[in-house]
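What follows is a single structure, written as structure tokens, with notes after it.
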Number of protein chains: 2
Amino acid sequence: MARTAGSIGTETAKRVLKEALSLFAHHGYAAVSTRQIAKACGLQVGALYNHFPTKQSILHGLMSAHMQDLLEALAGSNFSNDPAGALEVFTRFHIRYHIDKPEEVFIAYMELRNLEPEPYSEVMKLRQQYERTLRGILRDGQAAGVFKIDDVPVTAMSIISMMTGVNTWYRYGGRLSASEIEEIYVNLVLSVVGLGKTATPKLEEIA
Amino acid sequence: MARTAGSIGTETAKRVLKEALSLFAHHGYAAVSTRQIAKACGLQVGALYNHFPTKQSILHGLMSAHMQDLLEALAGSNFSNDPAGALEVFTRFHIRYHIDKPEEVFIAYMELRNLEPEPYSEVMKLRQQYERTLRGILRDGQAAGVFKIDDVPVTAMSIISMMTGVNTWYRYGGRLSASEIEEIYVNLVLSVVGLGKTATPKLEEIA
DNA sequence: AAATTAAATAAACACTTGTTCATTTAAATC
DNA sequence: GATTTAAATGAACAAGTGTTTATTTAATTT
């Protein structure tokens with residue numbers, strides 16, 4: 001046998017990325033063989049190399065596409081002018097995106113060390129761009145005197161870690177819906193900068 | 001050649017664990033070969049099998065020992081009776097431990113999926129015990145009316161993610177000392193439950 | 001001091017790894 | 001409709017995988 005009836009290059013390439021995404025997310029890049037990927041696509045190993053020059057390039061393709069996607073989606077968000085509003089938008093965006101694309105997010109975090117130097121620094125640049133956006137919001141709020149922050153860089157990383165952590169426990173169909181989780185995280189993140197909604201009711205103490 | 005002069009089994013076993021820890025932390029369990037481990041120890045591959053029955057058992061040994069260690073150290077901490085004090089102690093403990101043993105912590109998180117079913121559930125049980133401790137503190141504070149918490153389980157996971165995130169950016173000799181980081185995190189975590197020290201000065205608004 | 005046990009080497013085991021290549025067949029182009 | 005290009009197969013490549021084994025030597029026990 002040879003070329004399969006109905007086979008089209010671009011579609012096969014997409015299928016490879018999709019199956020590799022799932023396999024890498026479940027078992028890790030290093031633990032997945034090219035033959036496993038091919039099998040998941042219903043192909044022989046050799047066929048992969050019509051679409052990707054190396055196994056590494058599949059990982060790079062996945063991570064690069066994800067970071068581009070993330071940054072584009074972030075850029076498409078509607079940020080309000082007041083810092084608290086902007087931080088809320090950022091939080092909702094991050095949580096929603098991470099709940100919607102858990103495998104992409106997971107790989108982007110877990111497989112960084114398996115990227116060769118050049119792809120690594122490319123992906124890291126995009127990552128840092130995302131983090132810089134949050135730091136900007138925090139600094140604005142701090143300058144405006146509405147956020148109470150000890151240390152902006154540490155607080156930014158803490159907020160990102162806190163939010164990204166949703167992927168370690170959230171499973172579709174669980175106790176809470178995505179919207180409920182989003183609301184909880186908005187509150188948590190605003191609390192971190194001293195603006196918790198539920199942290200205010202000390203009225204009895206004042207009265 | 002054969003048995004090396006001065007070689008003692010228990011010490012070699014420790015050396016294997018130490019080198020494997022470093023290699024697994026840097027490249028990941030699946031990406032490290034038994035020959036690499038042996039070489040780092042100044043041994044031939046076969047010698048490993050005098051001390052560990054499988055490569056998997058080395059990973060299991062590392063993760064199991066780490067979790068035992070973590071829980072013992074936690075149990076040795078002096079928890080105060082008031083919830084805010086207890087949460088502060090927990091936070092200081094977690095940050096300090098994670099800064100002191102970054103490789104152990106990193107592996108315990110990253111390599112869970114590479115454990116076979118039995119070791120996996122053993123390690124997961126210890127992990128859940130640790131998380132349960134934090135949930136207990138949060139629930140106590142909520143019941144006492146001193147913590148403002150929307151959802152205890154989500155808040156607990158958020159706090160753990162936030163704190164553990166310190167390992168993604170902290171490097172020895174950086175801008176902040178371990179003690180400074182500890183202080184910042186105490187403040188961050190207390191903020192999350194509505195008790196931020198810096199989050200109170202709204203006196204002008206009241207006056 | 002002799003016998004036993006522990007810890008190492010060196011070589012081999014069967015199998016898997018990522019990648020390449022000649023070949024075949026389908027789709028696209030002329 | 002013939003030619004070229006694209007996409008697949010299947011076999012092979014050399015290197016690397018975790019693990020086992022026979023053997024040697026050092027440490028420990030008797």
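Order of the sequence lines fixes the chain letters, A, B, ..., with proteins taken first and strands second; residue numbering starts at 1 for each chain. Both backbone and side-chain heavy atoms feed into the values below; hydrogens, waters and symmetry mates do not.
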pair B:F79-B:I137: side-chain heavy atoms closer than 4.5 Å = yes
Roughly, in whole Å, what's the span from CD1 in B:I37 to P in D:dG16?
-> 17 Å
Among the candidates D:dG10, C:dA8, C:dT20, find the nucleotide nearest to the side-chain atoms of A:Y49.
-> C:dT20
For A:F24, the option from A:Y29, A:Y109, A:F106 that meets ring pair (Phe, Tyr, Trp, His ring centres under 6.0 Å) | A:Y29
How close or far is atom P of D:dG10 from atom NZ of A:K39, stated in whole angstroms?
-> 14 Å
Do you know which of B:H26, B:M110, B:H27 makes side chain to side chain contact (heavy atoms under 4.5 Å, CB included) with A:R113?
-> B:M110
Provide, to the nearest angstrom, the distance between the CD atom belonging to A:Q56 and the C1' atom belonging to C:dT19.
-> 14 Å
Is the phosphate of D:dA8, meaning OP1 or OP2, less than 4.0 Å from a side-chain N or O of A:H51?
-> yes
Would you mind reading off the distance between A:Q44 atom CD and C:dT24 atom C1', rounded to a whole angstrom?
-> 14 Å
Give A:T34 one of three labels, base, sugar-phosphate or nothing, depending on what nucleic acid heavy atoms sit under 4.0 Å from its own.
-> base
Nearest-Å distance for atom pair CG/P, residues B:L48 and C:dA6 = 19 Å
With a 3.5 Å cut-off and just heavy-atom distances, do the side chain of B:R35 and the base of D:dG16 make a donor-acceptor pair?
-> no
Measure from the side chain of B:T12, starting at C-beta and using heavy atoms only, and say which of C:dA8, D:dA7, D:dT9 lies closest.
-> C:dA8
Which of the following nucleotides, D:dT17, C:dG18, D:dA8, is nearest to the side chain of A:L43?
-> D:dA8
Taking atom P of D:dA27 as reference, at what distance in whole Å does atom CD of B:E11 sit?
-> 12 Å
Distance-only donor-acceptor test, A:N50 side-chain atoms vs D:dA6 base atoms, 3.5 Å | no
Length of the CZ-P vector between B:F52 and C:dA8, whole Å | 11 Å
Does some side-chain heavy atom of B:R96 sit less than 4.5 Å from a side-chain heavy atom of B:E182?
-> yes
Upstream residue (5' side of DNA chain C) when A:S33 and A:A47 are each assigned their closest nucleotide = A:S33
Take the protein atom CG of A:L59 and the nucleotide atom P of C:dG18, then report the distance between them rounded to whole Å.
-> 13 Å
Test item: side-chain donor near acceptor, B:Y185 and A:S158, under 3.5 Å = yes
Indicate whether OP1 or OP2 belonging to D:dG18 is found under 4.0 Å from a side-chain N or O atom of B:T54.
-> no
